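Below, chain A is the first sequence line, B the second, and so on; all start at residue 1. The structure presented is a predicted model; accordingly, all values stated were derived computationally and were not measured.
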There are 2 protein chains.
Amino acid sequence: MSEARRGRPREFDRDAAVAAATALFWERGYQATSIGDLTAAMGIRPGSLYAAFGDKMSLFHEVVEAYQRSPAGAFAGIALAEEPTARGAIARILREAAAVYADPGHPAGCLVISAATNIAAQDVEIEKFLRERRDQNLRALADRLGEARRAGELPSTADPRALAAYFAAVIQGMSQRARDGATTAELAGTAELALAAWPS
Amino acid sequence: MSEARRGRPREFDRDAAVAAATALFWERGYQATSIGDLTAAMGIRPGSLYAAFGDKMSLFHEVVEAYQRSPAGAFAGIALAEEPTARGAIARILREAAAVYADPGHPAGCLVISAATNIAAQDVEIEKFLRERRDQNLRALADRLGEARRAGELPSTADPRALAAYFAAVIQGMSQRARDGATTAELAGTAELALAAWPS
DNA sequence: ACCATTCTAGAGCGATCGTTCAAGAAGGTG
DNA sequence: CACCTTCTTGAACGATCGCTCTAGAATGGT
């Protein structure tokens, strides 16, 4: 079923180009990353970028999707799926966030949290796009905590949505602190303190 | 000693113009706010803006200073100065942040936290400028918690810097959540949960 | 009255923005 | 081989960026 694609073959590695674009968008955000920055980092000319990715917004969409499939972008969902208890899942998310957000191997913090916070009027769709992903993560947390309460892991007095909002705020704050230079050690301390809010 | 200033008098209200600029920078951030946006909102022409404020960066500095003297920007420092206990100060900061960050009377969240998160290479000084203010706030928190431990309000096993980093992360996360549309009620719930981390 | 000073209005500066285009190069298909 | 398709290159598009300039208007000082 492999369709032999016709025409002149691409001369650059598409995945490597997306990775280079990811690093830039992650570091500086959507709007502060120009096409010139991107073509320089990807080692291609504007024509190639537009032929391969459409436009800047489509490239960004592709970057976010690749990011969310990568370890740095997927660890929270994996923890929610793998850990048997809600408390275990959230503890793991917080501890892994401490390691991932301050990992010097890539830009600090979370791309979904920080790549579109300062956006001009013309690019509101980009802001909405990332906000929807964050809302989705918040809902996933709240759903998991709701299950936990129904299963008796949480006392009936606990408020799953309030807990989810709290942990989401902590995670977003950890991302911000990482971008301000916080070390993994500091973030790990924050993670442990945050867990003290778990209802007993 | 009042120097009667010579020359044609300014035709616009300087404070009102700064307030209009503050609203824009607060809502969209430094880079996403253009001179054209500013002059339109302030009701003046570029020449007047540059005569009165110097350049975009100087105007932003002035906006940040005015913001930090305003209730929305000063409440944390006031709470630290007025409350007799560190715990009382931090509780008040968190609760007031819930009200201030989601106040519909002005843009959501904190300007110092969110106005320069996506910045291009040419404007790194702006990013550093706000980061220094955040570092200053973090130090003030850590200092207050250090005093509290020396005074016996905190157990000797408590780590003031780790606690300060934790509460700073929560506050920054609450700002982000507010910008994503969180209500005062949600943020107030987050504030109470965050306080559960206080060492007993 | 006259000058020095400071403001406003409006045009316009060079640079950069995201994007497109024309020409040619590199492959598969007949 | 010619031909279609797709990619690369380099120039260049109109729009917008931050900012400046010129001309004139409005004040105080002398």
Walking DNA chain C from its 5' end, the first of A:Pro9 and B:Gly7 to be reached, judged by nearest nucleotide, is B:Gly7
For A:Glu11 and D:dT8, give me the distance from atom CD to atom P, rounded to whole Å. 6 Å
B:Gln172 versus A:Arg177, side-chain donor and acceptor atoms under 3.5 Å: no
To the nearest Å, how far apart are B:Arg28 CZ and D:dC17 P? 10 Å
Measure the acute angle between the ring planes of A:Trp198 and A:Phe167, then classify it against the limits of 30° and 60° as parallel, tilted or perpendicular. tilted
With sequence neighbours excluded, residues passing salt bridge (Lys or Arg N to Asp or Glu O under 4.0 Å) with A:Glu65: none
Would you mind reading off the distance between A:Gln31 atom CD and C:dG18 atom C1', rounded to a whole angstrom? 12 Å
Which nucleotide in the list C:dA26, D:dT8, C:dT5 gets nearest to the side chain of B:Arg6? C:dT5
Rounded to whole Å, how long is the line connecting atom CG of B:Asp37 with atom C1' of D:dT16? 11 Å
If you take any heavy atom closer than 4.0 Å to DNA chain D, which residues from residues 38-57 of chain A end up in contact? A:Arg45, A:Gly47, A:Ser48
Which whole-number value in Å describes the distance from A:Gln122 CD to D:dA15 P? 14 Å
What is the distance, to the nearest angstrom, from the CD1 atom on A:Ile35 to the C1' atom on C:dT20? 12 Å
Going by an N to O cut-off under 4.0 Å, is there a salt bridge joining B:Glu82 and B:Arg92? yes
So which protein nitrogen or oxygen atoms get under 3.5 Å of nucleotides 22-25 of chain C's nitrogens or oxygens?
from: C:dG24; atom 1: N2; to: A:Arg8; atom 2: NH1; distance (Å): 3.3
from: C:dA25; atom 1: N3; to: A:Arg8; atom 2: NH1; distance (Å): 3.3

Do the numbers put B:Lys56 on top of the ring of B:Tyr30, so that NZ or CZ is under 6.0 Å from the six-membered ring centre and no more than 45° off the axis? yes
Hey, what's the ring geometry for A:Trp26 with A:His106, parallel, tilted or perpendicular (30° and 60° as the breaks)? parallel
Sorted by chain and number, sequence neighbours left out, side chain to side chain donor-acceptor pair (under 3.5 Å) with A:Glu192 holds for A:Arg95
Whole-Å distance, B:Phe12 CZ to D:dA26 C1', equals 15 Å
What closest approach, in Å, do A:Asp37 and A:Arg28 show between heavy atoms, and which atom pair accounts for it? OD2-NH1, 3.1 Å
Kindly indicate whether a cation-pi arrangement holds for A:Arg10 with A:Phe12, taking the cut-offs as under 6.0 Å to the six-membered ring centre and within 45° of the axis. yes
Does any residue of residues 13-24 of chain A have a heavy atom under 4.0 Å from DNA chain D, and if so, which ones, in number order? none
Which atom pairs, donor and acceptor, lie under 3.5 Å between side-chain atoms of residues 138-146 of chain B and protein residues at least two apart or in another chain?
from: B:Arg144; atom 1: NE; to: B:Leu80; atom 2: O; distance (Å): 3.3
from: B:Arg144; atom 1: NH2; to: B:Leu80; atom 2: O; distance (Å): 3.3
from: B:Arg144; atom 1: NH2; to: B:Glu83; atom 2: O; distance (Å): 2.4

Between A:Glu153 and A:Arg150, does at least one N-O distance fall below 4.0 Å, as a salt bridge requires? no
